[in-house]
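Read the structure below first, then the notes.
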Amino acid sequence: MPKRTTHTYSSEDAAPDGPDSDLFVYYCKHCGSHVLITDTQLQKMPKRKTDKAYVLDKTKHLARLNIKEAGKVLLRRGEGKLEKQFRMNCIGCGLFVCYRSEETLEVASYVYVVDGALSTVAAETNPQDAPVPPCISQLEGGLVQVAIEVEDRAQRSAITRVNADDVRVTVAAPAARGEANNELLEFMGKVLSLRLSQMTLQRGWNNKSKLLVVEDLSARQVYEKLLEAVQP
């Protein structure tokens, strides 16, 4: 697990000139925590073609961030290319809000702000209005992929957490002989109101990690159904 630290950074070299310069404050759209102060509007920033993230050039604009480090992630892009992301989460709720390409924030030239993660409104706290977290992704062909962390041999089948990185699900069955996988599929079918034929379970990054691919629902619909089912 990456070391998670809270980090406040200001690109002082790009600070706006004079006391009358306009500053824009952005908050986490999920919990309302303060995330970013900059001297330009998000809507005026260029956007990446791959994921529609806003590109904040720290050599030209102020970038005062109030985040916690969330570690490195490798993504496979087109033509088999790997993209390295050093992710940054909201300090309030842990939602993935921005990332960079360099390991050290101070030397990074660009910060990429996740599309839909930030708001100019500080109190927009209704989870139903929050952006769909990265653990739930829309695939081609109308499919939706859900990153799941499974805990077997629990007292009951339940969804205990939905955050930026994964959906945590407990199942009573043991992992041996695929029993936990079978229970996981049956349980998720009930939560999402889907038949087994509409779901595929794939291996994730480790023994507890699974990737659930579902049909006939949008990423937003999956997110809302999972939120309704959470039992901490």
Side-chain angles (χ1 to χ4, degrees), residues 2 4-11 23-58 60-75 77 83-103 105 108-139 144-147 149 161-168 218-227 230:
R4 296 180 183 270
T5 57
T6 300
H7 190 96
T8 302
Y9 171 71
S10 175
S11 54
L23 294 179
F24 300 92
V25 182
Y26 290 93
Y27 306 87
C28 173
K29 195 172 183 181
H30 192 134
C31 73
S33 297
H34 161 233
V35 174
L36 171 67
I37 296 177
T38 184
D39 59 344
T40 185
Q41 293 176 295
L42 281 180
Q43 292 78 6
K44 294 183 178 180
M45 298 178 195
K47 300 183 76 172
R48 294 192 69 195
K49 292 182 179 180
T50 52
D51 58 6
K52 307 301 181 183
Y54 292 100
V55 182
L56 176 55
D57 188 342
K58 288 171 52 261
K60 297 179 181 179
H61 299 288
L62 176 72
R64 188 169 297 153
L65 290 161
N66 187 36
I67 50 85
K68 61 182 177 183
E69 299 288 350
K72 181 176 70 174
V73 173
L74 289 176
L75 298 179
R77 297 297 191 189
E83 177 182 314
K84 187 186 303 181
Q85 292 184 0
F86 293 91
R87 293 187 168 183
M88 296 169 274
N89 290 354
C90 167
I91 64 172
C93 65
L95 189 73
F96 169 42
V97 291
C98 53
Y99 62 92
R100 60 188 185 273
S101 300
E102 292 81 6
E103 182 173 5
L105 179 58
S109 298
Y110 301 97
V111 170
Y112 303 96
V113 180
V114 176
D115 186 25
L118 301 186
S119 169
T120 55
V121 181
E124 193 172 334
T125 57
N126 184 359
Q128 302 293 341
D129 297 328
V132 176
C135 66
I136 304 170
S137 54
Q138 192 79 47
L139 305 179
V144 174
Q145 178 178 279
V146 184
E149 179 182 311
R161 183 190 71 188
V162 178
N163 69 3
D165 300 322
D166 54 49
V167 176
R168 181 173 293 175
S218 68
R220 166 62 60 181
Q221 289 172 320
V222 170
Y223 180 40
E224 292 180 353
K225 286 177 179 289
L226 293 175
L227 283 180
V230 169

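Scanning all heavy atoms of the two residues, the minimum distance from L118 to Y26 falls at CD1-CB, 3.9 Å. Heavy-atom minimum distance, K68 versus C90: CE-O, 3.5 Å. Of all heavy-atom pairs spanning V144 and A219, the tightest one is CG2-N, 3.5 Å. In terms of heavy-atom proximity, G92 sits nearest to S33 at CA-OG, 3.4 Å. Of all the heavy atoms in M45 and L56, the pair that sits closest is CE-CD1, 3.7 Å. When all heavy atoms of P134 and R87 are compared, the pair lying nearest together is CB-NH1, 4.3 Å.
Within the 3.5 Å criterion, the main-chain N or O of E102 finds a donor-acceptor partner in the side chain of R100.
Considering only heavy atoms from C-beta on, V114 stays 4.5 Å or farther from D51 through its side chain. Between E103 and K72 the shortest side-chain heavy-atom distance does not fall below 4.5 Å. Using a 4.5 Å heavy-atom cutoff, the side chains of M88 and V111 are in contact. A heavy-atom distance below 4.5 Å is not found between the side chains of T40 and K60.
Put simply, CZ on R64 and CG on D39 are 10.0 Å apart, with the number rounded to the nearest 0.5 Å. Distance check, rounded to the nearest 0.5 Å: CD1 of I136 to CD of Q221 gives 12.0 Å. Taking CD from E83 and CZ from R48, the interatomic distance works out to 4.0 Å, rounded to the nearest 0.5 Å. Considering CG of L65 and CD1 of I91, their distance stands at 11.0 Å, rounded to 0.5 Å. To the nearest 0.5 Å, the span separating CG on L105 from CD on E69 amounts to 6.0 Å. The NZ atom of K84 sits 14.5 Å away from the OH atom of Y99 when rounded to the nearest 0.5 Å.
Residues satisfying the side-chain hydrogen bond (donor to acceptor under 3.5 Å, both in side chains) test with S101, not counting sequence neighbours, are none.
Considering N89, V35, L36 as possible partners of I67, the one that fulfils the side-chain contact (heavy atoms from CB on, under 4.5 Å) test is V35.
Between H34 and Y27, the ring planes are perpendicular. Angles over 60° get that label, and only those under 30° would be called parallel.
Atom CZ of F24 sits in a crowded spot, with more than 12 heavy atoms from other residues, nucleotides or ligands closer than 6.0 Å.
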